[in-house]
Colleague: 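Pasting in a structure now, in structure tokens, and then I'll have a few things to ask.
Note on naming: letters A, B, ... go to the chains in the order of the sequence lines (proteins, then strands), and numbering restarts at 1 for each one.
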Protein chains: 2
Amino acid sequence: MPEDDKANDRNVTLEDVARLAGVSLATGSRVMNGSPKVNSDARRAVESAIAQLGYVPNRAARSLMTRRSNAIGVIIPAPTSRILMDPFFLMFFSAIGTELALHAYQLLLVMPQSYDEEKHLERYLASGHIDGIVVTALHGDDPLPERIAARGVPVVVSGRAPLGARASYVDADCRSGAAAATAHLLAQGRRKLATISGSLDMPSAMDRLLGFRDALEAAGIPADPALEAVGDFSQQGAVEAMNLLLERRPDLDGVFVASDTMAAMAMHVIQGSGRQIPVDVAVVGFDDQPIAQTTEPPLSSVRHPIEAMSHEMVRLLLDSIEAGDHRPRQVIFPTELVIRESSGGLPVTRS
Amino acid sequence: MPEDDKANDRNVTLEDVARLAGVSLATGSRVMNGSPKVNSDARRAVESAIAQLGYVPNRAARSLMTRRSNAIGVIIPAPTSRILMDPFFLMFFSAIGTELALHAYQLLLVMPQSYDEEKHLERYLASGHIDGIVVTALHGDDPLPERIAARGVPVVVSGRAPLGARASYVDADCRSGAAAATAHLLAQGRRKLATISGSLDMPSAMDRLLGFRDALEAAGIPADPALEAVGDFSQQGAVEAMNLLLERRPDLDGVFVASDTMAAMAMHVIQGSGRQIPVDVAVVGFDDQPIAQTTEPPLSSVRHPIEAMSHEMVRLLLDSIEAGDHRPRQVIFPTELVIRESSGGLPVTRS
DNA sequence: AAGAAGCGTGTAAGCGCTTTCTCAGCCGCC
DNA sequence: GGCGGCTGAGAAAGCGCTTACACGCTTCTT
């Protein structure tokens with residue numbers, strides 16, 4: 001109570017602003033919405049009144065009129081999913097959230113498991129509380145995006161959307177990236193290449209595996225199933241997969257791992273077995289997350305632009321919302337191989 | 001367009017429900033809000049109309065009247081913060097979100113970095129768009145909780161709140177937990193105990209270090225600064241810290257690590273150095289996350305009830321919101337030592 | 001010089017809901 | 001049998017905002 005301008009009983013309303021600026025409510029509203037048909041004197045008066053009063057528009061009232069919530073929902077899969085534990089997600093949330101805030105949209109976290117029935121979730125999503133939806137970490141052919149899109153709510157999927165879904169998606173060209181990483185290992189003279197993949201029911205995991213095979217095939221090296229192990233994007237899965245690979249093919253000389261998080265664990269296993277990286281075994285990861293720069297030795301990795309992709313997802317969504325154009329679009333971002341010491345390539349000069 | 005009940009131009013409103021049920025709007029509203037003064041016949045009629053029409057109340061309209069948003073904001077620190085990468089956070093979000101959904105509240109993610117000025121953030125938080133706020137991962141004495149509380153918005157801090165802040169907090173008794181873990185190592189006959197701590201500007205990290213020291217002191221063992229290393233709750237920090245400890249005191253026989261994520265990494269370093277766990281070095285972690293059960297050997301850890309704590313946070317917040325009682329409260333949860341193989345204690349029987 | 005056209009502004013209608021106020025109907029009471 | 005008290009339900013007033021519409025003023029047209 002003493003020092004602060006303490007919660008006023010009533011918040012400042014647009015009417016207060018208009019009164020102070022000496023204009024009508026309508027003009028005040030027009031200024032707030034950047035309408036072009038308002039005299040610059042009036043605009044300035046309103047703007048200064050807004051600043052002076054610290055006016056923040058009431059979203060509820062605005063929503064009621066515009067039939068928009070200015071909120072987009074991010075659906076996150078069950079927490080039991082080990083994929084969710086990947087730091088990748090936090091970066092993703094954060095990029096999406098930051099971009100949304102720029103457009104004065106709110107980010108709502110939606111947890112499907114808190115709805116007892118799927119119907120409830122769908123109904124909630126379609127009830128106008130959310131202007132658009134981001135769906136992540138889809139397993140296989142989840143029907144949710146299609147269902148939501150069918151109800152007229154814009155949806156954008158992170159990663160490839162299930163075939164035939166009326167949803168946009170943004171993805172990285174994982175397959176090419178994986179192929180490039182593998183080709184890079186081959187170019188270092190490695191011939192016994194293994195891979196640790198993610199859960200194969202996720203398109204992104206499958207793409208990375210296919211890219212790995214592509215590169216081997218292009219080099220005329222026959223595929224060896226014993227050199228392919230499934231991690232599930234979890235740390236423990238990676239440890240198990242790496243142990244399995246070393247046991248099955250002790251003479252392997254290179255590994256392509258489908259995520260940096262898993263790659264870091266695989267490196268520890270390799271080193272724990274007495275092998276040197278990259279001398280005995282070369283390693284390339286995927287995602288180019290911060291951890292890639294701090295492993296010992298630093299980890300070569302395939303970078304996909306999380307920020308740019310997140311921004312693109314937001315752009316697609318807002319476009320769709322604001323233009324009312326709900327045709328699905330696909331955007332694929334190129335990946336880039338970042339070579340560090342772990343793959344035995346030329347170390348990049350430190351920047 | 002073909003198969004679905006497609007987005008109707010107009011959503012179902014309470015008026016539609018009331019008409020179908022043959023009652024007035026007011027009665028419909030009373031049923032929605034569980035008012036006791038409504039005849040059971042009328043109530044049933046309304047309820048069946050709601051089910052039949054799939055009515056979902058319009059939050060905006062409701063907010064406008066009640067001056068509540070039925071949303072609570074979770075403030076997440078900068079993504080650059082390495083702490084944020086800990087899976088702990090996802091579990092935390094998920095527990096909070098699930099609990100909120102039960103109470104028909106929404107979870108809003110708020111990212112401070114997307115506000116160009118601190119003023120904007122505060123103004124936004126205080127403008128009635130959010131009924132209550134959860135603040136996490138505070139570094140040192142962040143003034144934010146106090147500022148927000150001063151504006152009359154209920155705040156609950158995860159972990160100890162800065163001294164003097166008018167905010168509630170929920171924390172685990174980390175100090176006792178750490179002491180118990182350390183005492184357990186001592187009870188195994190270990191005498192050269194090291195610790196890897198978190199960033200010491202975080203109360204929870206400091207508490208764990210203090211608990212470690214408490215137990216040593218209680219056992220009459222002099223503190224040895226060379227046996228204390230600071231990780232920063234990151235994987236890489238843990239690797240560096242463990243390497244440092246082994247270099248400084250090659251004969252150490254036990255380590256207490258302030259998080260399981262770090263402990264898992266420390267275990268790899270220990271094993272990579274040719275030492276056996278628990279024979280040569282016993283390890284105890286903190287958090288009892290899923291990873292503790294899948295390390296090799298399984299990791300002893302200090303469990304704090306994330307779910308229960310998250311629920312308590314939500315409870316405090318909703319109490320405060322609904323009762324209008326903004327007096328700060330503190331709730332401390334006890335921790336529990338979970339003994340697995342890594343500490344050399346008796347292995348628990350597999351369940 | 002009178003009407004068309006355009007610009008900037010104000011007036012007022014509502015968005016879908018909650019809640020106060022009012023009142024009809026019914027009980028039991030003296 | 002008239003009256004207070006009680007219960008349940010309806011009418012209506014907004015909550016703070018956007019926006020269609022109307023309107024006065026200036027600037028062109030022919």
Side-chain angles (χ1 to χ4, degrees), chain A residues 8-47 49-50 53-71 104 123-124 126-129 131 322, chain B residues 8-47 49-50 53-71 104 123-124 126-129 131 322:
Chain A
N8 294 316
D9 279 60
R10 239 176 91 281
N11 265 312
V12 177
T13 76
L14 190 52
E15 196 177 345
D16 301 330
V17 171
R19 194 178 313 117
L20 179 62
V23 299
S24 78
L25 233 180
T27 302
S29 172
R30 285 191 264 262
V31 171
M32 280 309 294
N33 296 303
S35 157
K37 24 167 67 179
V38 49
N39 178 298
S40 54
D41 284 352
R43 162 159 298 139
R44 257 192 301 277
V46 173
E47 276 164 355
I50 287 171
L53 297 174
Y55 169 69
V56 178
N58 181 317
R59 288 183 105 95
R62 179 177 284 185
S63 278
L64 201 51
M65 277 306 293
T66 59
R67 307 172 149 284
R68 291 259 194 77
S69 62
N70 273 255
R123 209 173 263 171
Y124 172 76
S127 69
H129 297 321
D131 296 335
E322 272 150 31
Chain B
N8 295 316
D9 281 59
R10 238 174 92 279
N11 266 313
V12 177
T13 76
L14 190 53
E15 198 178 342
D16 302 330
V17 171
R19 196 178 311 120
L20 179 63
V23 299
S24 77
L25 231 179
T27 301
S29 172
R30 283 191 266 261
V31 172
M32 282 308 296
N33 296 304
S35 157
K37 22 168 70 179
V38 47
N39 177 297
S40 54
D41 284 351
R43 175 176 312 257
R44 258 193 300 278
V46 172
E47 277 165 354
I50 287 173
L53 298 173
Y55 169 69
V56 178
N58 182 317
R59 288 185 105 94
R62 180 177 282 185
S63 278
L64 201 50
M65 276 307 292
T66 58
R67 307 174 148 284
R68 291 257 196 79
S69 62
N70 271 255
R123 208 173 266 171
Y124 173 75
S127 67
H129 297 321
D131 295 335
E322 273 151 29

Colleague: Ignoring the backbone of A/L64, work out which of D/dG10, C/dT19, D/dG16 is nearest its side chain.
Modeller: D/dG16
Colleague: Could you state the atom-to-atom distance from CG of B/L25 to P of C/dC15 in whole Å?
Modeller: 12 Å
Colleague: Applying the side chain to side chain contact (heavy atoms under 4.5 Å, CB included) test to A/R19, which of A/V17, A/D16, A/V23 qualifies?
Modeller: A/D16
Colleague: Could you tell me whether a side-chain N or O of A/N39 sits under 3.5 Å from a main-chain N or O of A/D41, the two making a donor and an acceptor?
Modeller: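 Judged by distance alone, yes, a pair lies under 3.5 Å.
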Colleague: Closer than 4.0 Å, any side-chain N/O of A/Y55 to the OP1 or OP2 of D/dC17?
Modeller: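 True: A/Y55 side-chain N/O within range (under 4.0 Å) of D/dC17 OP1/OP2.
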Colleague: Can you tell me how far C1' of D/dG16 sits from CE of A/M32, to the nearest Å?
Modeller: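 A/M32 atom CE is separated from D/dG16 atom C1' by 12 Å.
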Colleague: Give a yes or no on whether the backbone of A/A71 and the side-chain of A/H129 come within a donor-acceptor separation of less than 3.5 Å.
Modeller: no
Colleague: Can you see if the side chain of A/N33 gets near the phosphate of D/dT18 - specifically, an N or O under 4.0 Å from OP1 or OP2?
Modeller: yes
Colleague: Look at the side chain of A/R30 and the backbone N and O of A/V38, then say whether any donor-acceptor pair between them is shorter than 3.5 Å.
Modeller: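 The answer is no, because no donor-acceptor pair under 3.5 Å joins these two groups.
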Colleague: Between B/N70 (CG) and D/dC15 (C1'), how many Å, whole number?
Modeller: 15 Å
Colleague: Give A/A42 one of three labels, base, sugar-phosphate or nothing, depending on what nucleic acid heavy atoms sit under 4.0 Å from its own.
Modeller: sugar-phosphate
Colleague: Quick one: B/D16 CG to C/dC17 C1', roughly how many Å, whole number?
Modeller: 13 Å
Colleague: Taking any heavy-atom pair under 4.0 Å as a contact, classify B/T13: base, sugar-phosphate, or nothing.
Modeller: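 Answer is sugar-phosphate: B/T13 comes under 4.0 Å of backbone atoms only.
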Colleague: Does the side-chain contact (heavy atoms from CB on, under 4.5 Å) test come out yes or no for B/R62 and B/N33, once each step is laid out?
Modeller: CA-CA 11 Å; B/R62 180 177 282 185; B/N33 296 304; 4.0 Å; yes
Colleague: Closest approach to the side chain of B/R67, judged atom by atom: which nucleotide of C/dT11, D/dC15, D/dC17 is it?
Modeller: D/dC15
Colleague: Pick the nucleotide of DNA chain D nearest each of B/M65 and B/K37; which residue has the one closer to the 5' end?
Modeller: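 This one resolves to B/K37.
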Colleague: Do A/R30 and C/dG10 share a donor-acceptor pair, side chain to base, under 3.5 Å?
Modeller: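 Side chain to base: pair found, below 3.5 Å.
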Colleague: Take atom CZ of B/R44 and atom P of D/dG8, then tell me their distance rounded to the nearest Å.
Modeller: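 In whole Å, D/dG8 P lies 14 Å from B/R44 CZ.
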Colleague: B/R68 CZ to C/dG16 C1': how many Å, rounded?
Modeller: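 Checked: the CZ to C1' distance equals 18 Å.
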Colleague: Please determine whether a side-chain nitrogen or oxygen atom of A/T27 lies at a distance below 4.0 Å from atom OP1 or OP2 of C/dG10.
Modeller: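 True: A/T27 side-chain N/O within range (under 4.0 Å) of C/dG10 OP1/OP2.
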Colleague: Could you tell me how far apart A/N58 (CG) and D/dG14 (P) are, to the nearest whole angstrom?
Modeller: 18 Å
Colleague: For A/V56 and for B/N39, locate the closest nucleotide of DNA chain D by heavy-atom distance; then report the residue assigned to the nucleotide nearer the 5' terminus.
Modeller: B/N39
Colleague: Given atom CG of A/L14 and atom C1' of D/dT18, what is their separation to the nearest angstrom?
Modeller: 10 Å
